[in-house]
Number of protein chains: 2
Amino acid sequence: MESVDGLPLDTILEGDCLEILPQLPSNAVDMVFADPPYNLQLQHALYRPNFTRVDAVDDHWDRFESLTAYDTFTRAWLSECRRVLKDTGTLWVIGTYHNIYRVGALLQELGFWILNDLVWIKTNPTPNFHGTRFTNAHETLIWAQKTKGAKYTFNYQAMKALNEDLQMRSDWYLPTCIGNERIRINGEKAHSTQKPEALLYRVVLASTQPGDIILDPFFGSGTTGAVAKKLHRHYLGIERDPRYVQIARARIQAITPAPLPAVEWVETRRRPRIPFGALLEAGLLQPGQPLYFRGGSPEAIILANGHLRCGELTGSIHTVARALLNNAPCNGWDLWYYRDETGNLYPLNNLRLRLSSAYFRPKNTD
Amino acid sequence: MESVDGLPLDTILEGDCLEILPQLPSNAVDMVFADPPYNLQLQHALYRPNFTRVDAVDDHWDRFESLTAYDTFTRAWLSECRRVLKDTGTLWVIGTYHNIYRVGALLQELGFWILNDLVWIKTNPTPNFHGTRFTNAHETLIWAQKTKGAKYTFNYQAMKALNEDLQMRSDWYLPTCIGNERIRINGEKAHSTQKPEALLYRVVLASTQPGDIILDPFFGSGTTGAVAKKLHRHYLGIERDPRYVQIARARIQAITPAPLPAVEWVETRRRPRIPFGALLEAGLLQPGQPLYFRGGSPEAIILANGHLRCGELTGSIHTVARALLNNAPCNGWDLWYYRDETGNLYPLNNLRLRLSSAYFRPKNTD
DNA sequence: GTACGGAGTGAATCCGCCA
DNA sequence: GTGGCGGATTCACTCCGTA
């Protein structure tokens with residue numbers, strides 16, 4: 001196991017984060033991503049209108065006896081995380097209205113300085129079955145730096161490239177973790193609140209550099225570690241449930257990182273002009289994967305921010321294609337081909353069509 | 001000026017809300033909408049608490065003092081609003097990450113029970129000019145009831161209708177207040193944070209009924225009053241800046257309310273209940289007639305008192321159905337089928353609909 | 001193979017009136 | 001206040017079986 005200044009790297013420490021965090025050195029990690037218990041407190045069994053019962057979160061780790069108990073717990077892990085963070089470090093926390101106001105208020109009191117809050121808008125949220133409230137369709141992320149005014153990492157150009165060459169906004173549209181990505185054991189979900197990798201992809205790419213150290217004190221099924229490994233960041237997870245630890249270890253073990261240049265070349269050139277990055281976030285393409293111009297050569301490599309690298313050329317699928325065509329106006333979606341698992345070549349546009357319509361913004365925009 | 005139990009209605013009280021709120025009666029208003037200031041400097045000057053003098057050079061203490069001053073201010077107006085609210089009342093607060101975590105945490109501590117948080121996603125936000133953070137493209141609204149478990153108004157059907165017959169979600173897409181709606185004086189914005197009427201329209205329609213009383217302790221340019229008047233709700237505004245008071249008065253004066261039926265016919269309440277026995281009384285069903293669970297089996301017999309007998313079970317259409325569904329809450333009207341004279345099976349609800357038209361729209365005299 | 005329909009499900013503080 | 005009981009209430013997506 002790699003280790004830097006007493007900080008173990010790329011591993012999972014099994015145990016309660018309130019016991020393990022105090023053993024970690026100060027000023028050691030670049031970023032913390034925390035997905036703490038939400039303290040949901042659903043009062044009764046919930047049924048859908050078709051009489052099926054909702055498999056709600058009722059895990060023991062999500063139960064607190066009072067608001068005060070939750071605050072005590074929150075203050076403890078937040079202040080330890082602050083100590084462990086480098087002065088230039090930032091903290092991400094995700095939550096819902098059940099807990100995010102507790103967390104947000106406490107982190108301000110501890111000296112964190114909020115840089116943004118972000119809303120993860122779920123394209124496929126659970127409806128409100130009983131018509132009693134608004135459908136809870138989002139979760140909130142707070143992004144804060146350890147100390148007001150310190151330098152911090154924000155990869156503005158990478159975020160812009162990932163977002164159709166427009167500034168990345170505070171509203172993020174992503175589906176919940178379903179389908180093949182959702183880890184299941186004997187058909188049962190392995191973790192009740194597994195986060196989608198697309199969410200962590202954006203978090204990690206926005207606020208860390210390759211080689212940075214990311215701490216996740218509520219590691220769960222290990223999404224943070226999986227994305228960190230893909231993007232050549234170091235991770236350190238803390239998780240107290242040995243079953244989750246085992247699941248996360250196996251998951252991360254199976255990850256093949258993107259080729260290093262695909263990650264390191266990010267930020268070196270200009271931005272693309274098309275939402276190509278969404279295919280990466282969705283996992284339809286991987287950083288480092290080759291693309292073939294007109295289905296043949298030359299070959300290009302996909303970078304982690306949605307740019308291509310082809311020989312000495314770097315840029316969007318359109319920019320590079322245009323250069324290859326002596327500046328003729330062209331559409332990269334039709335000119336670049338990817339190889340699918342069967343070995344056949346198809347134009348990128350196939351993937352764009354496949355990309356769930358869920359990725360695009362809702363239509364009702366009164 | 002109209003007035004109910006010492007509460008002036010449809011008017012603006014000029015003065016600081018911390019001075020005026022204590023003069024209002026308790027348990028008097030149905031809803032509060034608050035758009036509080038979050039300018040710490042302003043609050044610091046006006047509401048500085050009587051604490052020991054702190055060293056302004058020390059960043060930590062400076063931060064503590066500002067947060068504390070803001071919290072003191074927030075706790076004061078929130079707790080007064082809670083007193084003035086009816087037990088069945090709800091509170092809305094809008095803010096950004098600068099203040100919403102203070103407000104959210106404090107209102108929970110004061111006993112408010114959060115029902116939802118909502119995000120107003122701006123279709124036209126101000127970009128981040130420095131490229132140092134994500135573009136702030138949203139504001140957060142918290143919707144909370146005065147007391148956990150109390151009855152509250154949520155016009156589910158009205159919200160659903162407003163959203164193309166889909167449940168209204170917690171993400172609201174609305175432009176900022178621009179164009180003709182934006183009040184200008186000599187070309188200058190009359191108020192720096194004028195809220196769009198579309199936002200208040202949704203808030204008011206969701207959580208109040210015609211004739212309800214809405215209190216806005218930070219009235220500003222009077223958007224709350226304008227929408228309340230349009231929708232036949234009463235408003236009471238508090239605003240300390242006489243210029244804003246004047247602007248808001250003129251604005252509301254010019255509003256023409258919607259035609260009353262257009263507001264009253266909005267389906268905000270349940271329809272009167274029709275007991276199953278009424279079908280027997282009306283002769284649409286006969287005692288002894290069989291009913292079929294979900295159109296198949298088991299079969300039940302209608303008793304003369306409107307109960308069903310199904311095997312060893314006896315009870316209402318709901319009770320028996322519930323027992324057959326392992327105690328899942330259910331609606332017997334949709335689960336039991338009757339056979340009509342042609343031999344076809346239909347849910348009981350068909351008969352209820354026939355009856356209800358007869359019940360509520362009696363024929364004119366023959 | 002493909003098209004289609006039905007079943008399953010997801011971080012959710014999820015009923016309300018009346019006696 | 002509380003117990004009893006009538007009855008209102010779901011969206012987007014995936015998976016799987018069948019034609």
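Just so you know, these numbers use all the heavy atoms, side chains as well, and skip hydrogens, waters and symmetry mates. So you know, we letter chains A, B, ... as the sequences are listed, proteins then strands, and number each from 1.
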Under 4.0 Å between a side-chain N/O of [X] and OP1 or OP2 of [N], yes or no?
X      : N      : value
B/Y156 : D/dT10 : yes
A/N124 : C/dG10 : no
A/R182 : C/dG8  : no
A/K189 : C/dG10 : yes
A/K122 : D/dC11 : no
B/Q157 : D/dT9  : yes
A/R184 : D/dC15 : no

Could you check how far [atom1] of [X] sits from [atom2] of [N], rounded to whole Å?
X      : N      : atom1 : atom2 : value
B/L348 : D/dG6  : CG    : C1'   : 14 Å
B/Q167 : C/dC14 : CD    : C1'   : 10 Å
A/R133 : C/dG16 : CZ    : P     : 10 Å
A/F51  : D/dT10 : CZ    : C1'   : 13 Å
A/W61  : C/dA11 : CH2   : P     : 10 Å
A/N50  : C/dG5  : CG    : P     : 19 Å
B/N331 : C/dC14 : CG    : P     : 21 Å
A/I121 : D/dA12 : CD1   : P     : 15 Å

Side-chain H-bond candidate by donor/acceptor type, A/T223 with A/R251, under 3.5 Å: yes
Distance-only donor-acceptor check, side chains B/H138 and A/S170, under 3.5 Å: yes
Could you check whether [X] gets within reach of a base, just the sugar-phosphate, or nothing at all, counting any heavy atom under 4.0 Å?
X      : value
A/I178 : sugar-phosphate
A/P36  : base
A/D55  : sugar-phosphate
A/K195 : base
B/K148 : nothing
A/L46  : base
A/C177 : nothing

Heavy-atom pair with the smallest gap, counting every atom of A/L200 and A/K195: CD2-CB, 4.3 Å
Side-chain-base donor-acceptor pair under 3.5 Å for A/R48 and C/dG10: yes
Distance-only donor-acceptor test, A/D35 side-chain atoms vs C/dA11 base atoms, 3.5 Å: yes
Check whether the ring centres of [X] and [Y] lie less than 6.0 Å apart, and answer yes or no.
X      : Y      : result
A/Y244 : A/F219 : no
B/Y292 : B/Y337 : no
B/Y152 : B/W143 : yes
A/F218 : A/F33  : no

Residues, nucleotides or ligands: over 12 heavy atoms within 6.0 Å of B/R309 CZ: yes
Residues, nucleotides or ligands: over 12 heavy atoms within 6.0 Å of A/N344 CG: yes
Whole-angstrom distance between [N] and [M], as gauged at atom [atom1]:
N      : M      : atom1 : answer
D/dG1  : C/dG16 : C1'   : 15 Å
D/dC15 : C/dA11 : P     : 15 Å
D/dG17 : C/dG1  : C1'   : 15 Å
C/dC14 : D/dA12 : P     : 22 Å
D/dA8  : C/dC18 : P     : 14 Å
D/dT10 : C/dA7  : C1'   : 15 Å

Residues within residues 313-328 of chain B bordering DNA chain D, heavy-atom distance below 4.0 Å: B/S316, B/H318, B/T319, B/R322
Of the listed nucleotides C/dC14, C/dT9, D/dT14, the one nearest the side chain of A/N128: C/dC14
Nearest listed nucleotide, side chain of A/F129, among D/dG7, C/dT9, C/dC14: C/dC14
Consecutive-pair stems (3 or more, Watson-Crick or G-U, under 3.5 Å) for DNA chain C: C:2-10 with D:11-19, C:15-19 with D:2-6
Residue whose closest nucleotide on DNA chain C lies nearer the 5' end, A/H44 versus B/Y152: A/H44
5' precedence on DNA chain C between A/T52 and A/H130 (nearest-nucleotide basis): A/T52
Pairing residues for B/N116 by the side chain to side chain donor-acceptor pair (under 3.5 Å) criterion, not counting sequence neighbours: none
Residue closer to the 5' end of DNA chain D, A/P125 versus A/N180 (nearest nucleotide): A/P125
Parallel, tilted or perpendicular, as decided by the 30° and 60° cut-offs, for the rings of A/Y70 and A/F64: perpendicular
Geometric class of the A/F134/B/W172 ring pair [parallel <30°, tilted 30-60°, perpendicular >60°]: perpendicular
Ring-face cation contact, B/F154 with A/R133, 6.0 Å cut, 45° max: no
